[in-house]
Undergrad: 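My structure is below; once you've seen it, I'll send some questions.
Quick note: residue numbers are just sequence positions, from 1. In listed order, ligands and their atoms are each counted from 1. Heavy atoms only: backbone and side chains are in, while hydrogens, waters and symmetry mates are out.
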Amino acid sequence: MKELLEVIEGRRSVLRFKPDPIPNADLEKILEAGRWAPSYANSQPWKFIVVRDPERRRALGALVERILVFRPGRVALSSPGVGEAPVVIAVVVDPARSPLHHLEAGAAAAQNMALMAHVLGYGSFWAGVAGRGEVEREIKRILRVPRGMRVVALLPLGKPAYEPEPGQRFPLAEIVVQEQMG
Ligand SMILES: Cc1cc2nc3c(=O)[nH]c(=O)nc-3n(C[C@H](O)[C@H](O)[C@H](O)COP(=O)(O)O)c2cc1C
């Protein structure tokens with residue numbers, strides 16, 4: 001078993017996928033990891049929509065490709081990976097179940113799933129759709145998400161089609177503050 005920090009550091013956004021299917025046993029572990037995320041007052045305000053249908057995935061992918069993504073040193077269109085991955089998980093949350101903290105809960109679940117996918121040898125990336133107006137609305141229409149609910153993220157999952165570059169982060173010295181800021 002890899003050390004937790006090694007797992008966390010080793011996870012990279014993977015943007016392109018091989019078409020190989022994901023066995024149900026692996027998918028179940030990924031979903032279990034999402035189920036065990038923390039949430040305010042243990043409200044568990046989420047649903048995880050598993051999308052396998054190729055046309056539905058392609059429709060989601062076409063929407064995600066409209067999102068501009070800021071990557072180090074450049075702005076790019078989001079990758080076509082959502083349409084290409086064999087499975088896409090939509091993380092959806094219900095503000096009625098957790099009025100103040102539904103988005104954080106969904107984010108924790110999404111990250112848990114991304115980490116479990118990585119440990120199992122799958123890649124994923126976080127397609128951030130919450131608050132993206134028309135894109136989020138269209139995704140809700142395609143997945144028949146009830147009006148009041150929010151889509152936090154789409155997570156395409158599949159075997160990586162390439163080896164991602166090593167990750168980059170600000171050093172701890174730049175981001176850790178002792179006691180108080182300023
Ligand atoms: C809230 C959120 C939204 C994101 N949205 C997108 C997106 O729409 N498209 C995309 O390609 N990557 C998206 N990403 C992935 C980030 O670009 C990526 O995590 C970041 O560049 C760091 O790279 P790493 O995940 O390989 O460490 C998103 C990540 C987060 C946390």
Undergrad: Looking only at heavy atoms, is any part of W126 under 4.0 Å from ligand 1, and if so is it the side chain, the backbone, or both, or is it neither?
TA: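 Answer for W126: both.
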Undergrad: Looking at ligand 1, is there an atom of it that comes within less than 4.0 Å of some heavy atom belonging to R169?
TA: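 The answer is yes, since R169 has a heavy atom less than 4.0 Å from ligand 1.
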Undergrad: To the nearest 0.5 Å, what is the distance between CZ (R137) and CD1 (I139)?
TA: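 Reported to 0.5 Å precision, the distance equals 11.5 Å.
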Undergrad: Using heavy-atom distances, let me know which of S13, G167, P164 sits nearest atom 15 (C) of ligand 1.
TA: S13
Undergrad: How many angstroms lie between atom NZ of K18 and atom OH of Y162, to the nearest 0.5 angstrom?
TA: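 It is 12.5 Å, given to the nearest 0.5 Å.
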Undergrad: Taking side chain to side chain contact (heavy atoms under 4.5 Å, CB included) as the definition, give me every residue that meets it alongside R52, ordered by chain and number, with sequence neighbours left out.
TA: N24, L27, V50, V87
Undergrad: With the side chain counted from C-beta on, respond yes when K159 and Y122 share a heavy-atom pair under 4.5 Å apart, and no when they do not.
TA: yes
Undergrad: Check contact between Q168 and ligand 1, using heavy atoms of the residue and a distance below 4.0 angstrom.
TA: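 Flag not set, Q168 not near ligand 1.
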Undergrad: Numbering the atoms of ligand 1 from 1, which are under 4.0 Å from a heavy atom of F125?
TA: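 What qualifies from ligand 1 is 9 (N), 10 (C), 11 (O), 12 (N).
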Undergrad: Taking the inter-plane angle between the rings of F17 and F125 on a 0 to 90° scale, is it parallel (under 30°), tilted (30 to 60°) or perpendicular (over 60°)?
TA: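 Taking F125 first and then F17, their aromatic rings lie parallel (interplane angle under 30°).
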Undergrad: With heavy-atom distances below 4.0 Å as the criterion, list the atoms of ligand 1 near R11.
TA: 24 (P), 25 (O), 27 (O)
Undergrad: State which residues pass salt bridge (Lys or Arg N to Asp or Glu O under 4.0 Å) with E84; sequence neighbours excluded, sorted by chain then number.
TA: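 E84: salt bridge (Lys or Arg N to Asp or Glu O under 4.0 Å) contacts with R16.
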Undergrad: Is there a polar contact between ligand 1 and G128, counting only N or O atoms under 3.5 Å apart?
TA: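 Among all N and O atoms of G128, at least one is under 3.5 Å from an N or O of ligand 1.
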